[in-house]
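Note sheet for the following structure.
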Amino acid sequence: MKHLKLTTFLVAAMLATGAAAQEDGGRLDLIVQPEPPSLMLGLVQNGPTQMVSGQIYEGLLRYNTDLEPQPSLAKSWEIAEDGMTYTFHLNEGVTWHDGEPFSSADVVFTTKFLQDNHPRFRAAFSHVESVEAPDANTVVIKMKEPYGPFINAFEAGSMPIVPAHIYEGTDYATNEMNATPIGTGPYKFVEWSKGSFIHLTKNPDYYIDGLPHIDDLYYRVVPDAASRAVAFETGEVSVLPGGAVENWDVKRLTEMDGVCSTSAGWEFFAPHAWMWLNNREGPTSDKRFRQAVMFALDREFVKDVVWNGFGKVPTGPVSSKTNFYSDDVPQYPHDPDKAKELLAEMGYDGTPVRVLPLPYGETWQRWAEAVKQNLEEVGIKVDIDSADVAGWNEKTANWDYDMAFTYLYQYGDPALGVARNYTADQIKKGSPWNNVEGYENPELDKKWAAAAIEPDNAKRQELYTEIQQQIVEDVPVAWLLEIEFPTIYRCNVKNLITTGIGLNDGLRDAWIEQ
Amino acid sequence: MAIAGTIFGRLLKAALTLLAIAVLNFFLIHAAPGDPAVVLAGEAGAADEQMIADLRAQFGLDQPLYVQLYRYVGNILTLDLGYSFRQGAPVLDLILERLPATLILTLTAFWISLLAGVALGVAASARVGKFTDSLITGTALLFYATPLYWAALMAVLVFSVQLGWLPGFGYETVGSGYGGFDRAIDILKHLILPALTLGLFFMAVYMRMTRASMLEVAQQDFVKTARAKGLAPSVIRRRHILRNALLPVVTLAGLQAGQLVGGAVLTETVFAWPGIGRLMFESLAARDYNTILGVFLVSALMVIIFNIITDIVYRLIDPRIGQKA
Amino acid sequence: MSLWSRFATNRAAVIGLIVLIAVIIIALLAPVMFPKGPWAMVQRPFLAPFDTDGLPLGTDTLGRNVLAGLIYGARVSLLVGLVSTVMALLIGVPLGAVAGFYGGWVDEIAMRFTEFFQTIPNFALAIVLVAILEPSLTSITISIAIVSWPPVARLVRAEVMSVTRREYVDAARLAGLSNLHILTRQVLPNTVSPIIVMASLMVATAILLESSLSFLGLGDPNIMSWGYQIGAARTVIRSAWWLSFFPGVAIVLTVLALNLIGEGLNDALNPHLTRKGKS
Amino acid sequence: MSVLSITDMSIALPSGADRPFAVKDCTYEIAKGEILCVVGESGSGKSMTANALMGLLPEGVTVAKGTAEFGGKDILQVSEIEQRALRGDRIAMIFQEPMTALNPLMRIGDQIAEVFEAHKRHTPSERKARALDLVREVGLPDPEKIIRAYPFQLSGGQRQRAMIAMSLALEPELLIADEPTTALDVTTQAQILKLILDLRERRGMAVMFITHDFGVVAEIADRVIVMRHGEIVERGTATEVLENPQHDYTKRLLEAIPTGLVPQSVAVEKAPALEVRHLKKTYHTGGGLFRPRRDVRAIDDVSLTIAKGEVLGLVGESGSGKSTLGRAVVRLVTPDAGEILVGGTDMAALSESDLRAARHKVQMVFQDPYASLNPRQRVMRALTDGPMAKGVPKDAARARARELMETVGLGAEAVDRFPHEFSGGQRQRIGIARALAMDPELIIADEAVSALDVSIQAQVLDLLRDLRRQFDLSILFITHDLRVAAQLCDRIAVMQRGQLVEIGPVSDVFLNPQHEYTQKLLAAVPGGGWGKAAE
């Protein structure tokens, strides 16, 4: 299986396809929810920031909906056979929005910049030995060890390239230019009217001729979900990103004339929802109780009613969209009797459990209510805890819960987005993105570690299958749903979603049929 | 002279009140679970302890609480509301950016409710016991009992979605390129629904107050004097009854005008109005300490300013105040 | 004329009282009428009202009986309204009474304190308090009480001041009665009427406040309340109007009833303020 | 030639009132230039007639029958528009309460000019000029300033002058004055009465003067009508009615008024019940951080003594400090300096707790019968609270309460009733019983009969006289009414602006006043003439 991967795409060839039908001009109004705290993608990687700043900043690569790397700032790249060297060839003639030329020095600077400010980047780059720029258009990354998922870490959200000429030698966090972000992307920042809208405009000097097509982008801030639905209905906005309206509205909106929807564009993230079950104490520390919970939950009902049929009931920790998924695992259908049996077997004494919902709107609240109802049907007493975002973070990070809703992104590879929730070295108080449930299985820890640096994909698959089987048996968390966030848009907006991160970098190619 | 002296006194008292509010709220906010670093990290979807620690150090949250309080009060005393690390901008700038929207909304709602409320109250009192009176009183009672947010939702549903007459949310047509007069008209259109729904409740309040006050004043001796002069009933009502009846309404209006800021949280949420009410609500969820405190201070300041304005208005209407002593 | 017969002359107030009593009875009977509670998912979601037997008001987003929710909601609204009002009275009455009775620096301090609370916009303060204490029935009730007591204190202070100036209070002093005795036996009983009137209106306001907090997502997640029902249904208001319509009507009716009762009480207890034309 | 002639007029009260007619079958007339006094106690219907003439009857009250001919028309029948045209123009009216009868938010000049405006006379600038003339005519000082002033800046007497100016604006043929001097101090009252007489002289208008005070009648009336329960019981010229009353009611009323007969004072030479030495009390107003402080000396170095069994009358006009002095003696007001010795104890120096124990020594009878009893307590509580606080056993206190209720003439069983079941005079009796229940060494009666109708006043005064004899009471009797003081007191003290200007036996003070102010006061008493009566 040793071979040299070489991928070279000709930009011109890509442009040729369907260019005749594409129209330039127009203005597109999109919803961004909630309002991003900042647009400086190197410093802040919130969902909404990524969605807006993904048009301003670019990564070295993009990924299509099958999660295959595509050129972006790097027009081509090579990975050495042993997986120890990555070489990127950058596009020429790229300039920053302020007119300064872009070069490999910016990329090298970015790796330093992000080390300080980007946790996910920091984790991925812990496998990196060095980053060098042999010439202005080439970047060479040397690894400490082979790390399979590395090639999945170069999109704009994972590694946004930031301008060295602005940040070098300054205090990044207080740099005044953070308010007016400068990137290389297809759209330039114009204005941010806080609480109202963010206006981006076409970058006329974009290095790919003919792109982008749309003149102006308006990201509208509408804090109330119902009002967002109204905004779409009245035509004030044309694009509702996933999660912008409550699920109950999705059906109604998509049934309107001239409205299209797609659940594509989330493949890279593959949001996976579950409840952390506190493995340390209380009834949830008993495996039988956790299994009983799995049997008690009517996950199909929730998918159909709460999520309006969107999404998929997961089989285990790895999303079916993510690489190395396996469905050869123990199954947990909705079976209240089985749940009661398990509870009787463990001798559950009726200790009430607290369920902490995710404070992200009505859908999640309803979900918690449905879970409560399911659990009470098998005799588990449930109190729903309440907390806002800060409270939720505080409670989960400090393990102050019995059962807590969450969902996390998987970033295309179990090593990037899954392992962090199940290995013992990730049991660290103070953060809600690690092994919060407190699951410890030394044997599996070894397998996780081996799988991450295994260069052979078949062997990786084998290891991940074993891991999935064991974890599903142990039920450290109750997997609820592979979430799908349908993007709803007016059908005259074309080519909107072409990549695995969807709207986050999709507007480069989008155009509007007049 | 008396007015100037009083205003100076009021301002001094106001400054102390504001300082006390700053301190109280400082403790309140810090008592809430979580902190801005946790929220910010949480929203990133992935973070580690180092990131949170970095953020805390950057926000100054690694210091003991009393040091933070000392710094904050120090800032306040130099009229500096601090920096919003979350939004990467000075709090004052954030607030000033949003304040006009809130002021336009609340002041419009205030004037609509006051003028309409007084007019309806006068009309009802003039026909006391008759059908018109029952109609006005009944309607006001209904407004009084209707939750604000519910009225707002219904208004959007009817006037924006069903009829399409008015924009359902927002402050202005984004990117319209309107300037000057066109822009004003545009904002006005956006303003109608939120201002009306925010004003409804208060209109009911003022209406009831005006009506009761008119009826009470109408019983007073000087009204009899006016009638004994042979003045026409309309003149009596306008010149003698209304002016006196307005005094308690002015007091109430002054008290409530400040409270409109609180009511604006709901209205601004439903109508996506980019004002400070929403800024507060969002900052609260994000534990953006400085911003919440800033909004509280500014809204308390508005309450105080409204109270002072009320005092002045009261003095202008009522010659007795401030000269008696 | 007795209090009741004076109250009974106000037809609207009597209707208000009937409505309120009906709401109270329904609230008390909730567990009898719907033993499974308001959260049970009994049917398909989004069933329209008047269509299905046994579900006169239809079902909500999770297939729960809207009527059951409405009836259980009455308990919460009334409970929060009453308890928070009582708490507000417990803060406001003593403070206002002491301020009005003793005057001087006691009054000064008490009124500065009250003013201070009135300077903070009260809905905003309620939001912050609930957020800090984390939403629960207790925290919501406390927060509402904390933002509603200042007007009570002011009213009681003014009333106490006026009563204290009356000659029978001087007479009580001359009788050698203690201040506490005078305040509690001579003064406060004579301020009860306006306090009762205000309290009835405060219950109404508290119900509105609770529903507003719930609407913003600051309700107790374990408890079915009207505000919760509207808040939960606002996103589906266009496809399932009844989900927010009926709880909205319930709020309006209850609040209206309380207001009518308050006005009736006002007319009955303070006859000198009786409206013209009704001697 | 009569300006107004009323024939057979009845005014109906709404159903549910205590009687069907406010005024029944009244017939009288007023001639040009004549002053007719309509006299009666409260509830006699004396004001209703005037209100009916002006078309200002309260809602629900209607003219049932009769005519009132004025200027050739029955003004009870004319349309509202016509009536409005008459009001303020040909018939003008002034009211009792100058404090509330003027719009507090309008300047005096504007309120006067408004009369012209209402009847569309003159241009705005002329109106102003005429308002100024009127202000001058009614003798208000500094007219230029007055017309720009607001009512609150004027004293009561000045306001009443302003009201009169307003009513004179259009030279009415008939002026109705409804108790116009009742709320005024005696010296001011005298001035206003004189003004009305002057104006009648100058303008020749008819005046219908409504009053309860026969003293005023004696000063001003040409003819008199006496009303009772809505009916006219007596009529005639002033001299006829005053000197030779026919009807019993009139006789009783005239008897009831303190005549001005000065009793010879009995020299009291016992040990003092009260000794006040160099008492001082200053009130500070304004006093804000930024407002100039103003001091009012309510009691300015007053010393006086009351012997055991003596009644000392303390007289003065409003603001003289007489009530403050009374309240200081019972320590409802804490004096700034001086001593108040009651039976040897300095009340002024007692601590809060000692004071409470010593309270019973001095008791007070208050002015307002409606505010001096707790409406939520039975009479029994009012009479026993104090004794029980003092340590009297419950049963003894209750027995004593019943006894005292008998003593004040209300009957023992009345103790179980609530205050609202009693009339004003009865309540004053309860107030007296309450004071007696404490077995005080001294009673302060602060305007104790001022709020009562004349006939009731007489009864209460009789009671006090009896009790005094019975219990050998020492009383500090505070009043603004010199005639009342003369009836009861042994000695009189006169206060002016916080100072004691004169003190002495009744006969000395009344017949031979030393101080200029006392002389002025005495001269102002309507229907006075002390010297005559004494002989």
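Letters go in sequence order (proteins before strands), and every chain restarts at 1.
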**Atom of B:K229, atom of D:Q111 and distance for their closest heavy-atom approach** = NZ-O, 2.9 Å
**Message:** Heavy-atom cut-off 4.5 Å, strictly under: side chain, backbone, both or neither for D:L105 against chain B?
**Reply:** both
**Message:** Counting heavy-atom pairs under 4.5 Å with chain B, which one of D:G88, D:A92, D:P104 comes out on top?
**Reply:** D:P104
**Asked** Among residues 241-252 of chain B, which residues come closer than 4.5 Å to chain D, judged by heavy atom distances?
**Response** B:R243, B:N244, B:L247
**Request:** Would you mind checking which part of D:Q83 comes under 4.5 Å of any heavy atom in chain B, side chain (CB onward), backbone (N, CA, C, O), both or neither?
**Result:** neither
**Item:** Under 4.5 Å from any heavy atom of chain B - which part of D:A85
**Value:** neither
**Asked** Can you find a pair of side-chain heavy atoms, one from B:Q220 and one from D:T100, that are under 4.5 Å apart?
**Response** no
**Message:** Would B:R239 and D:N103 count as a side-chain contact (heavy atoms from CB on, under 4.5 Å) here? Give the steps.
**Reply:** CA-CA 9 Å; B:R239 198 181 291 161; D:N103 185 339; 5.6 Å; no
**Request:** Evaluate the side-chain contact (heavy atoms from CB on, under 4.5 Å) criterion for residues B:D221 and D:Q96: first the C-alpha distance (whole Å), next the side-chain angles of each, then the deciding distance (0.1 Å), finally the verdict.
**Result:** CA-CA 9 Å; B:D221 287 354; D:Q96 172 173 359; over 6 Å; no
**Fill in**
With chain D, the option among B:A232, B:A228, B:P233 that has the most non-hydrogen atom pairs under 4.5 Å is B:A228
**Request:** Step through the shown structure and confirm whether more than 12 heavy atoms of other residues, nucleotides or ligands are within 6.0 Å of CZ on D:R497.
**Result:** no
Compile the donor-acceptor pairs under 3.5 Å between side chains in residues 70-78 of chain D and protein atoms, sequence neighbours left out, one pair per line.
{"residue": "D:K73", "atom": "NZ", "partner": "D:E82", "partner atom": "OE2", "Å": "2.9"}
{"residue": "D:D74", "atom": "OD1", "partner": "D:A68", "partner atom": "N", "Å": "2.9"}
{"residue": "D:D74", "atom": "OD1", "partner": "D:L76", "partner atom": "N", "Å": "3.0"}

**Item:** For B:R227 against D:G55, the heavy-atom pair lying closest together
**Value:** NH2-O, 3.7 Å
**Item:** Where D:A101 and B:T225 come nearest, the two heavy atoms and their spacing
**Value:** O-OG1, 2.6 Å
**Message:** Less than 4.5 Å to any heavy atom of chain B: does that hold for the side chain of D:M163, its backbone, both, or neither?
**Reply:** side chain
